[in-house]
Number of protein chains: 2
Amino acid sequence: MHVQVPDSVSTLGPCGGCAHCLTCEARSRSICSVISPEHSARLARYSHRLSVPQGRSFIEEGQPAEDFFIVTSGHAKLFSLMPDGRRQITGFANTGQFLGLASGKTYAFSAEALDALTLCRFSRSGLSTLRRDFPALENRLMEEASRELVQAQSRMLLLGRKTARERLASFLVEQHHLQSGLDHRPPSDRTLTLPMSRTDIADYLGLTIETVSRTLNALQREHLIVIRFVTLITLLDLAALEAMARGD
Amino acid sequence: MHVQVPDSVSTLGPCGGCAHCLTCEARSRSICSVISPEHSARLARYSHRLSVPQGRSFIEEGQPAEDFFIVTSGHAKLFSLMPDGRRQITGFANTGQFLGLASGKTYAFSAEALDALTLCRFSRSGLSTLRRDFPALENRLMEEASRELVQAQSRMLLLGRKTARERLASFLVEQHHLQSGLDHRPPSDRTLTLPMSRTDIADYLGLTIETVSRTLNALQREHLIVIRFVTLITLLDLAALEAMARGD
DNA sequence: CGTATCTTTGAGCTTCATCAATAGAAGTGG
DNA sequence: CCACTTCTATTGATGAAGCTCAAAGATACG
């Protein structure tokens with residue numbers, strides 16, 4: 001299976017801005033807005049901006065892992081497939097997240113754009129040079145790897161031991177925390193805009209779409225959430241959802 | 001919940017040897033046997049050897065993550081608990097593996113010795129100094145984080161999408177690969193010595209002990225394995241088990 | 001050698017998956 | 001703007017994989 005990056009994944013030219021983000025030590029996941037012209041010029045040599053349309057795949061599991069990416073806008077899903085088509089979404093990537101850290105010689109997952117997506121691409125072979133040029137990058141990489149490992153462990157607990165209700169509650173709370181971190185939303189806003197389909201949620205939580213649908217409607221019947229629209233959900237009782245997510 | 005390292009986890013003094021392993025770039029997970037006296041002396045300042053008896057816990061989830069460890073002999077299990085006692089083992093650690101990379105300010109998991117365990121302990125606060133002193137360590141850390149992330153993703157697929165049979169097959173094949181990598185065993189030996197109990201296997205695979213027991217016996221009835229003893233299993237048809245593990 | 005712990009085996013049940021039908025949303029072309 | 005198709009989501013009926021409860025059999029240990 002030989003897969004090229006499709007034509008519609010267009011290169012937009014060098015990117016100094018998001019490369020700066022790479023070396024930013026701030027805990028915030030948002031892209032740093034301030035960037036020195038000197039940094040920008042040096043980093044532009046390493047990075048390229050990419051634009052990926054909705055539904056387009058840009059990483060194929062098993063392909064040589066030549067690049068790694070940082071999401072600069074939009075959302076992506078990362079997943080593994082089994083021969084018979086069973087799918088597990090191992091994570092969603094939002095603005096500021098790294099893609100491709102978890103790879104050996106080949107990618108361990110596929111990645112697809114959930115909506116209009118822009119990326120910053122780096123060559124993995126150039127990574128050692130990049131790390132020498134920007135020592136602060138080391139910390140950023142370790143921090144990100146650490147964060148992803150912690151997340152992976154809580155997802156193993158979810159997939160291995162939680163009930164369908166607990167999984168959905170965990171998912172909703174997680175999305176809430178992700179979205180409440182965005183700067184353009186008031187922190188009191190408890191309405192989620194989900195960028196993914198029911199199928200994606202099911203494949204993320206290790207359930208079927210039917211169970212996702214039924215369980216969400218059960219949570220609505222119990223006045224824990226309101227499903228305003230398929231992709232628009234308001235959390236009525238965040239504390240109860242958090243308790244349910246923890247399993248107590 | 002305030003937990004101290006128990007008395008029976010004894011400090012054995014400085015460790016230059018396993019610290020050397022830290023900076024070793026070899027892909028092999030075994031401890032490097034060759035170590036320069038100069039390295040040894042410098043590294044002894046950072047590291048301490050620990051001995052942990054079977055069954056003893058030495059990392060508690062939620063405690064401040066002050067140290068990280070490298071296993072120098074024996075086996076450990078890493079796990080998360082839910083309030084009602086449900087448990088998910090997120091991984092087993094063998095000789096050469098890092099413990100505590102996946103941590104923020106507090107540990108994200110608990111860890112317990114499966115048998116007599118020796119560790120090399122490093123202070124996380126001293127990690128930045130250590131990294132400055134041993135630049136090769138950076139690569140080793142990233143390599144290890146990468147490996148663990150890839151492994152975490154394949155475990156999400158297992159926990160989210162595989163059947164009980166597929167989980168057991170995956171587990172057996174994984175153990176085979178781990179154990180066939182050890183230098184004191186002939187590569188043709190297909191008999192596993194499992195260091196963990198049925199309960200541990202169940203909590204690792206997201207199943208109950210009854211299902212683990214029944215499924216293993218089913219595999220034996222189909223002449224794929226022989227259960228010579230509770231902890232001693234021979235793989236009769238490795239290819240079939242690998243196919244089953246993949247899900248085809 | 002007796003007790004405690006772990007593992008196996010059996011019977012019944014629950015949760016979630018599967019299969020199937022309907023309803024709703026989104027896009028297409030006349 | 002409306003039929004028509006297509007895709008996605010919801011809802012219902014049924015079934016099976018794996019869990020729970022229970023008891024017997026092994027194994028470890030003092």
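Since we're looking at a predicted model, the values are computed, not measured. Chain letters run A, B, ... following the sequence lines, proteins first, then strands; residues in each count from 1.
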* Asked: What is the distance, rounded to the nearest whole Å, between atom CG of B/Leu216 and atom P of D/dG18?
  -> 13 Å

* Should the pair A/Arg161-B/Asp84 be classified as a salt bridge under the 4.0 Å nitrogen-to-oxygen rule? -> no

* Asked: Whole Å only: how far is the CD atom of A/Gln220 from the P atom of D/dT11?
  -> 9 Å

* Residue-phosphate contact under 4.0 Å: A/Ser213 side-chain N/O, D/dT10 OP1/OP2 -> yes

* Considering just the side-chain nitrogens and oxygens of A/Thr208, establish if one lies under 4.0 Å of OP1 or OP2 belonging to C/dC16. => no

* is_close_aromatic(B/Phe69, B/Phe98), centroid dist under 6.0 Å -> no

* To do: For B/Thr118 and B/Ser51, test the side chains for any donor-to-acceptor distance below 3.5 angstrom and give the result as yes or no.
  => no

* Asked: Where the side chain of A/Phe229 is defined as all heavy atoms beyond and including C-beta, which of C/dA25, D/dT10, D/dA28 is the nearest nucleotide?
  -> C/dA25

* **A/Glu222 and A/Arg165 ion-paired at < 4.0 Å** => yes

* In whole angstrom, give the distance that lies between atom CD1 of B/Ile227 and atom C1' of D/dG25. => 15 Å

* **Interatomic distance where CZ belongs to A/Arg198 and C1' belongs to C/dA25 [whole Å]** => 13 Å

* To do: Output yes when A/Asp203 and A/Arg198 qualify as a salt bridge under the 4.0 Å nitrogen-oxygen rule, no when they do not.
  => no

* Atom-to-atom span, CG of A/Leu207 to C1' of C/dT18 - whole angstrom -> 14 Å

* To do: Kindly say if B/Ser197 contacts the phosphate of C/dC6, meaning a side-chain N or O under 4.0 Å from OP1 or OP2.
  => no

* Check every atom of C/dC19, D/dC21, D/dG18 against the side chain of A/Glu210 and return the nucleotide holding the closest atom. => C/dC19

* To do: Measure distances between side-chain N and O atoms of A/Arg214 and base N and O atoms of D/dG12, and say whether any donor-acceptor pair falls under 3.5 Å.
  => yes

* Structure fact -> Walking DNA chain D from its 5' end, the first of A/Arg161 and A/Val212 to be reached, judged by nearest nucleotide, is A/Val212

* **Nucleotide C/dG24, atom C1' - distance to CG of A/Asn217 in whole Å** => 13 Å

* Asked: Once you round it to whole Å, what is the distance between P of C/dC16 and CG of A/Leu159?
  -> 13 Å

* Round to the nearest Å and state the distance from A/Gln54 atom CD to C/dA26 atom C1'. => 12 Å

